[in-house]
**Student:** 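Dumping the structure here so I can ask a few things about it.
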Amino acid sequence: MSYLDAREVPDGAQIETDICIIGGGAAGIAMAAELLGSSRRVILLESGGLSLDGDTQSLYNGQNIGFPYYPPVTVRLRFLGGTTNHWAGACKPLDPIDFEQRDWVPMSGWPIGYADLVPYYERAHVVCDLGPVDYAPDSWLAPDAQPLDLPPETLRTTMYQISPPTRFAQKYGPMLERRSNVQTYLHGNAITFELDASGTAVRSVEVACLTGTKFCISARTFVMAMGALENARMLLHCVESGNFPTAAWQDWVGRCFMEHLSVVGGVLAPADPSFSVALYRGRPSRDGHLGFGVLAPSPQAMTQEQMLQVRLGLTPTNVREGVRSVAPGLIGAAVASQSGRLFRELGEHVQNIIAELDDLAVYSYEHMFRARAPRSAYFLHYILEQAPNRDSRITLSDATDALGMRQLQIDWRFDELERHSLRRMNSLVAAEVGAAGIGRVWEAPEEASTGWPAGVRGSWHQMGTTRMSGDSRDGVVDRDCRVHGTENLFIAGSSVFATSGQANPTLTIVALALRLADHVKGLSA
Amino acid sequence: MNDCSRGRRACLLLLATLPLGISRWSSSSYSFDPHDPETRLAQLRRLAPEVVPPESAARIGHSYLESHADASLEAGLIRAVWPEGFAAPAEPTLLAPGELKDRLAAACREDFRHRRIVRVSNWHLALTEARLCGLIAMHV
């Protein structure tokens with residue numbers, strides 16, 4: 001069996017299945033792969049095809065009305081595999097403290113704990129082709145790759161693992177093609193849900209194609225796995241259309257939009273010219289798995305300083321410029337040859353991923369050019385957690401897309417707690433590297449217009465727009481990722497994150513998807 | 001980065017290398033009481049330009065003095081280099097530049113450890129090194 005083309009389904013058709021997964025990115029594919037071979041019929045519905053298509057990608061068009069953010073059309077990829085088609089592969093579980101309620105972080109705390117995800121992180125490691133679930137630096141140490149000698153009760157060195165990176169469509173697509181219980185429909189866009197008379201169970205999802213074809217898929221269980229922007233957009237559309245009876249959770253849809261703030265907060269001038277940051281720059285572990293180290297405040301330090309999660313990467317001040325100068329040509333060519341339809345924003349987006357995810361970019365740069373530039377100083381590149389903020393949100397604009405759905409608008413906001421966390425982290429780093437005799441820190445000045453150092457931006461990690469909560473008055477989905485008050489509508493992906501931590505979200509997205517797959521299998525049984 | 005900030009950074013880098021540097025020994029001698037604060041201050045004034053480049057240090061020092069009212073600059077420096085315990089009878093008469101460097105470096109680390117940190121032109125400096133630059137600024 002090969003992929004099915006939704007455009008070839010007869011107009012007005014009604015297709016029946018047991019489980020309908022909407023969205024073929026990391027979460028959707030991980031779930032579908034987990035359900036392979038089960039006794040349940042599964043439909044995986046993907047908006048795009050097998051490669052980039054401008055018309056489909058344009059369905060992501062939208063506007064920004066808050067703090068400057070990337071054009072929405074550039075932040076995700078809308079074809080099978082989703083953004084795993086060009087992700088860099090950095091993986092790390094959330095920390096236990098990320099799931100806890102922190103007095104100084106409004107709306108913090110998940111209804112599940114770190115322990116609930118531990119078995120799924122282990123399975124997610126396999127899905128993402130990572131090594132053992134080990135993030136202590138020991139496995140990556142070498143005589144020339146040592147952690148900075150800093151007090152761990154203040155600043156700890158922790159590792160990220162780097163997936164090859166796994167291209168989910170390439171790796172798991174052939175399995176989804178062959179098995180009989182999973183059917184993958186391409187080029188079909190979920191438009192709206194139809195509920196039963198009680199208003200608590202979704203009966204079917206309406207699907208529309210850019211060709212004009214429309215049909216319905218009926219299922220016992222529905223899973224939205226379209227990413228944090230589109231999950232919110234479709235739910236907002238359904239809520240505004242009156243599909244769901246009024247409920248408290250609906251006010252949370254689109255709210256608490258979070259990103260990881262990326263900012264160069266300063267420069268470290270090392271005392272010793274032979275100062276080595278090899279552990280922090282990407283290297284293989286003893287068993288061959290790639291990883292890179294970061295510095296992060298300990299839980300004690302975060303509590304004492306009342307700060308959010310932050311991670312610090314060290315980038316030689318001159319290599320970044322080198323990456324910037326070579327990336328556009330290389331990546332532009334790659335995108336053009338892959339799709340044949342290069343559009344400018346996407347090209348810039350990919351360039352930015354290469355140029356700005358410095359740990360990975362520098363690593364790949366050095367491997368590509370077999371050269372290490374002199375390291376006179378290092379940028380302090382911080383990735384900050386963003387606190388949940390009700391006013392940071394996704395809403396619908398008046399503009400509509402080619403399917404007649406209202407486009408999204410992003411009102412990205414963050415506040416004093418994030419700024420406080422950056423300042424405290426800079427001070428902690430300055431104090432500890434000074435006390436250790438490592439060097440001195442220069443802090444990037446804050447711009448008068450924003451109160452932030454120049455260049456603060458997102459990390460292409462959209463999270464939190466259908467947040468998980470124990471109570472339907474505090475969020476959209478419950479601890480099982482089920483939309484509050486519904487019987488059979490679930491959400492997979494980073495939109496359910498109650499807080500974001502500092503870790504890249506993909507590994508947690510996959511872990512939550514596997515957990516949801518187990519739950520759905522249990523329901524089916 | 002302009003010349004001014006380049007010079008400042010070069011100086012800061014040198015400050016940061018205090019623990020590692022080996023400096024030339026000055027053959028100058030002193031005829032004062034080694035325990036007298038004025039004698040110690042004179043030693044600092046004399047030797048400081050040998051452990052940090054005076055021009056850049058002076059620039060940082062001026063910035064420090066402009067932004068921080070430090071009434072304890074000289075006394076604080078003396079306390080940093082000759083902390084309690086160094087005033088014992090075994091205290092050497094005069095410090096070699098290398099010894100001064102070591103003591104300054106130790107004092108700077110203690111400053112950072114105890115969060116005695118000042119920001120000068122956005123650099124996070126140990127109070128002792130900022131004061132040393134201030135001292136140089138006052139006399140260059």
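Note on naming: letters A, B, ... go to the chains in the order of the sequence lines (proteins, then strands), and numbering restarts at 1 for each one. Fair warning: this is a prediction, and the values are worked out from it, not measured in the lab.
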**Student:** Picking from A:A430, A:S427, A:P151, which has the most non-hydrogen pairs under 4.5 angstrom with chain B?
**Tutor:**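 Highest number of pairs under 4.5 Å: A:A430.
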**Student:** Output yes when a side-chain donor or acceptor of B:N122 lies under 3.5 Å from a complementary backbone atom of A:E443, and no otherwise.
**Tutor:**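 Such a contact is found between B:N122 side chain and A:E443 backbone.
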**Student:** Looking only at heavy atoms, which of residues 110-118 of chain B get nearer than 4.5 Å to chain A?
**Tutor:**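 B:F112, B:R113, B:R115, B:I117, listed by number.
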**Student:** Heavy atoms only: give me the nearest A:G434-B:R109 pair and the separation to one decimal.
**Tutor:**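 That closest heavy-atom pairing would be O-CG, 3.9 Å.
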**Student:** Show every side chain to side chain donor-acceptor pair (under 3.5 Å) that has at least one partner inside residues 144-156 of chain A, sequence neighbours left out.
**Tutor:**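 Counting only pairs at least two positions apart or across chains, the side chain to side chain donor-acceptor pair (under 3.5 Å) contacts touching residues 144-156 of chain A are A:D95-A:R156.
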**Student:** Does atom CD of A:Q304 have more than 12 heavy-atom neighbours from other groups under 6.0 Å away?
**Tutor:**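 For A:Q304, atom CD is not crowded (no more than 12 foreign heavy atoms under 6.0 Å).
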**Student:** State, with a plain yes or no, whether a side-chain heavy atom of A:R440 is found less than 4.5 Å away from one of B:H124.
**Tutor:**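 Not in contact.
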**Student:** Do you know which of A:A444, A:A436, A:A431 has the most heavy-atom pairs under 4.5 Å to chain B?
**Tutor:**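 Between A:A444, A:A436, A:A431, the count favours A:A431.
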